[in-house]
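Because the structure is a prediction, the values reported are computed rather than measured. Each chain gets a letter, A, B and so on, in the order the sequences are listed, and its residues count up from 1.
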Amino acid sequence: MADLIQPRTLKGFRDYLPQLMIPREHLLEQARRVYRSYGFAPIDTPALEYTEILLGKGGEESDKQLYRFTDHGGRDVALRFDLTVPFARFAAEHMGQLGTPFKRYHMGPVWRGENTQRGRFREFWQCDFDTIGTTANAADIEVVLVIHDLFQALGIDRFTIHVNNRLILNGLLEELDLAGKTKEMLIALDKLPKIGRDGVSAVMSEKANVTLQQAERLLNLAEMQGTNVEILARLGQEFGGNAKAAEGIHRLEELVSTVKAAGVPEDKVKLDLSIARGLDYYTGAVYETFLTDLPKIGSVCSGGRYDNLAKLFTKQELPGVGASLGLDRLLAAMEELNLLQSVATPAPVFVVQFDAQYLGKYQKMARTLRAAGIGVEVYPDAKKVGQQLQFAEKRGFKIALIAGPDEFAQGVWKIKDLAKREEASIPANDVLAVLSGKL
RNA sequence: GUGGGUGUAGCUCAGUUGGUUAGAGCGUCAGACUGUGGAUCUGAAUGUCGCCGGUUCGAGUCCGGUCACCCACCCCA
């Protein structure tokens with residue numbers, strides 16, 4: 001009569017049932033395939049790190065979100081809240097064996113103790129890819145290509161990659177003698193859509209003693225709208241005077257033209273001077289990817305360039321650029337947009353157990369097909385055929401194989417297309433070939 | 001972390017001004033159908049009304065707390 005423990009999960013932590021886990025694994029497979037196709041190599045790092053490793057990179061906000069505790073040995077430890085900082089530690093620790101440039105991808109769970117919302121969890125997977133050891137714009141450009149190919153591989157066409165370059169803002173701030181106020185300016189500009197020009201202006205003057213004239217120039221930058229070509233032209237006119245800004249503009253120009261030349265549709269990339277990204281370590285290109293049909297869920301793939309990722313851990317300069325796919329946010333978005341197939345089985349072929357006495361024959365056929373790479377499930381009970389077929393369809397099997405005394409006497413199997421409800425008798429030796437053609 | 005909203009069977013919801021054994025549809029399971037599944041019919045199971053406590057003769061219905069989810073702020077994937 002012991003009291004039952006209530007089965008439950010923590011806030012922001014979720015279970016994944018097969019209907020969700022099957023597409024989730026599919027996303028992982030596609031991400032892995034695309035990353036590898038560009039030459040990114042896999043790495044992994046521990047979920048738990050010394051707290052000092054994780055602290056002090058992205059400001060107080062991310063510090064507050066750390067799951068932090070003292071382990072059994074009295075060590076101050078924390079769960080990683082992204083894959084970038086652990087990578088910085090990793091790179092600093094192993095640079096000698098890695099060599100540069102080094103391209104890696106890393107997929108795994110991260111933890112953030114912040115408030116939950118739609119598409120915002122406390123445990124979620126990121127799929128990062130980064131190139132370190134080079135400042136070449138080619139690497140910045142490649143990030144866009146990877147993101148594009150990734151979403152294409154996932155069968156998502158309605159998305160836009162928003163691109164900006166912090167050099168432009170930094171250059172302008174430098175020119176306005178506000179280089180020390182970068183963070184305040186970013187935060188203020190970020191509020192533009194909500195509080196408007198005058199509001200931002202007011203915040204700037206209050207938080208950073210910015211004059212109206214200075215604010216005007218910053219706002220002119222942040223509010224810039226138009227096609228990529230128009231924006232680039234106006235940027236050159238208005239801000240090209242500063243060396244840093246000019247460099248940023250040049251990099252964006254090159255990015256836009258190269259991506260286009262590489263065959264990526266123009267409308268997939270949008271220059272957006274309003275995206276700044278809160279993370280302090282970005283210094284050049286920044287990227288955010290939005291789904292056309294669900295922009296409110298936030299960016300599903302973001303990243304940028306950082307001058308010196310590993311400076312906390314090594315004196316060696318380690319510039320890099322990369323981005324992170326928010327696997328679980330994307331999955332939540334796809335679920336909401338009905339982009340997920342509801343399949344509850346990873347195997348396409350179902351073998352009806354017509355009669356228990358033939359179990360050996362059923363399993364032999366199943367093994368033959370499995371050896372050819374086809375997933376096959378044999379039903380465990382010799383229930384009525386109708387029930388088994390109903391089960392098979394509900395689970396999402398594509399093909400059912402049926403054989404009883406009559407079939408075995410004739411040396412054939414019935415192959416049934418569960419969706420079309422058509423069946424045909426096929427000689428036992430041809431089953432593999434016929435199935436291969438159908439799947 | 002702050003503010004607002006929601007919380008009744010697996011799912012979508014109904015439950016009159018607090019009043020006897022808490023309902024529907026869908027779904028699930030069994031049977032009609034001992035070699036063939038989306039139809040029909042018959043029957044069945046399932047809820048500590050999120051959880052804890054309070055007010056009351058009596059609470060799903062009121063109050064407080066708590067947990068979870070949703071929305072906004074903040075930040076971000």
Side-chain angles (χ1 to χ4, degrees), chain A residues 3-15 17 19 27 31 58-65 80-84 107-128 147 183 186-187 190-191 194-195 275-280 282 286-291 294 296-304 322-333 336 350 352-355 358 379 382-395 397 399-409 414-423 425:
Chain A
D3 285 337
L4 293 176
I5 297 165
Q6 185 190 356
R8 55 179 184 159
T9 56
L10 287 162
K11 177 187 179 74
F13 291 72
R14 319 200 296 163
D15 288 328
L17 273 60
Q19 285 86 339
L27 296 187
E60 293 154 23
E61 269 307 318
S62 40
D63 293 356
K64 278 194 293 188
Q65 295 176 2
R80 65 186 179 206
F81 69 94
D82 72 4
L83 298 176
T84 306
M107 311 197 294
V110 301
W111 296 268
R112 295 183 189 176
E114 66 178 334
N115 236 344
T116 57
Q117 234 174 76
R118 177 175 56 164
R120 273 175 97 156
F121 312 106
R122 289 185 168 175
E123 177 183 63
F124 59 95
W125 273 54
Q126 291 194 323
C127 305
D128 276 35
I147 295 175
K183 187 163 186 183
L186 284 175
I187 291 171
D190 197 46
K191 291 179 178 163
K194 282 161 205 155
I195 62 179
I275 69 161
R277 319 246 332 113
L279 294 176
D280 291 347
Y282 290 122
V286 283
Y287 316 88
E288 291 196 342
T289 309
F290 292 96
L291 299 178
L294 200 57
K296 286 200 75 179
I297 206 164
S299 172
V300 289
C301 188
S302 311
S324 177
L325 172 70
L327 184 81
D328 291 301
R329 175 174 291 183
L330 177 61
L331 193 69
E336 191 164 335
F350 180 88
V352 172
Q353 187 180 155
F354 189 92
D355 188 323
Y358 301 119
Y379 198 74
K383 283 195 187 174
K384 284 191 285 192
V385 174
Q387 288 181 327
Q388 295 191 45
L389 291 174
Q390 207 164 37
F391 169 87
E393 188 186 28
K394 207 163 292 170
R395 278 293 162 92
F397 287 94
I399 302 286
L401 293 180
I402 307 167
D406 297 351
E407 285 75 15
F408 287 125
K414 283 199 169 141
I415 296 185
K416 182 151 192 150
D417 184 314
L418 286 164
K420 293 180 187 164
R421 305 198 158 209
E422 295 167 353
E423 70 178 16
S425 289

Say you pick atom [atom1] in [N] and the same atom in [M]; how far apart are they, in whole Å?
| N | M | atom1 | result |
| --- | --- | --- | --- |
| B/C41 | B/G27 | P | 12 Å |
| B/G58 | B/G19 | P | 14 Å |
| B/C11 | B/C51 | P | 14 Å |
| B/G38 | B/C33 | P | 15 Å |
| B/G53 | B/U17 | P | 28 Å |
| B/C29 | B/G5 | C1' | 38 Å |
| B/C13 | B/A32 | C1' | 32 Å |
| B/G64 | B/U56 | C1' | 16 Å |

Self-check item: Plane angle bin for A/Phe397 and A/Phe391 - parallel if under 30°, tilted between 30 and 60°, otherwise perpendicular
Solution: tilted

Within the side chain of [X], is there an N or O that forms a donor-acceptor pair under 3.5 Å with the backbone of [Y]?
| X | Y | answer |
| --- | --- | --- |
| A/Glu407 | A/Gly404 | yes |
| A/Glu123 | A/Pro109 | no |
| A/Arg329 | A/Gly119 | yes |
| A/Ser299 | A/Thr289 | yes |

Quiz prompt | Donor-acceptor pair (no angle test) under 3.5 Å: A/Arg329 side chain, B/C76 base | solution = yes

Between [atom2] of [N] and [atom1] of [X], the distance in whole Å:
| X | N | atom1 | atom2 | answer |
| --- | --- | --- | --- | --- |
| A/Asp82 | B/C75 | CG | C1' | 14 Å |
| A/Leu330 | B/C76 | CG | C1' | 16 Å |
| A/Ile275 | B/C76 | CD1 | C1' | 13 Å |
| A/Gln65 | B/C76 | CD | C1' | 7 Å |
| A/Gln388 | B/A30 | CD | P | 12 Å |
| A/Leu294 | B/A77 | CG | P | 17 Å |
| A/Asp128 | B/C76 | CG | C1' | 14 Å |

Quiz item: Quick check: are there more than 12 heavy atoms from other residues, nucleotides or ligands sitting under 6.0 Å from CZ of A/Arg14?
Solution: yes

Exercise. Sequence neighbours left out, what passes side-chain contact (heavy atoms from CB on, under 4.5 Å) with A/Arg122? Give chain and number order.
Key: A/Lys11, A/Phe13, A/Tyr67, A/Asn115, A/Thr116

Quiz item: Listed by chain and number, what are the side-chain contact (heavy atoms from CB on, under 4.5 Å) partners of A/Lys420, not counting sequence neighbours?
Solution: A/Asp417, A/Glu422

Quiz prompt | Taking every non-hydrogen atom, the tightest pair across A/Ala392 and A/Leu418 | solution = CB-CD1, 3.8 Å

Exercise. Give the stems involving RNA chain B, where a stem is 3 or more consecutive Watson-Crick or G-U wobble pairs (i with j, i+1 with j-1, and so on) under 3.5 Å.
Key: B:1-7 with B:67-73, B:10-13 with B:23-26, B:28-32 with B:40-44, B:50-54 with B:62-66

Practice problem: Give the B/S/- string for nucleotides 31-41 of chain B, one per nucleotide from 5' to 3', where a protein heavy atom under 4.0 Å of the base yields B, of only the sugar-phosphate yields S, and otherwise -. | Solution: SS--BBBB---

Practice problem: Let me know which of A/Asp128, A/Ile147, A/Leu27, A/Leu330 forms a side-chain contact (heavy atoms from CB on, under 4.5 Å) with A/Leu325. | Solution: A/Leu330

Self-check item: Check ion pair A/Glu393-A/Lys416 (N to O, under 4.0 angstrom)
Solution: no

Practice problem: For A/Phe354, enumerate each residue passing the ring pair (Phe, Tyr, Trp, His ring centres under 6.0 Å) test, keeping only those at least two apart in sequence or located in another chain. | Solution: none

Measure all distances between protein nitrogen or oxygen atoms and nitrogen or oxygen atoms of nucleotides 69-72 of chain B, and list the pairs falling under 3.5 Å.
residue, atom, partner, partner atom, Å
B/C69, OP1, A/Gly12, N, 2.8
B/C69, OP2, A/Lys11, NZ, 3.4
B/C71, OP1, A/Arg118, NE, 3.0
B/C71, OP2, A/Arg118, N, 2.8
B/A72, OP1, A/Lys296, NZ, 2.8
B/A72, OP2, A/Gln117, OE1, 3.3

Quiz item: Which residue, A/Arg122 or A/Leu325, contacts RNA chain B at a nucleotide closer to its 5' end, judged by nearest heavy atom?
Solution: A/Arg122

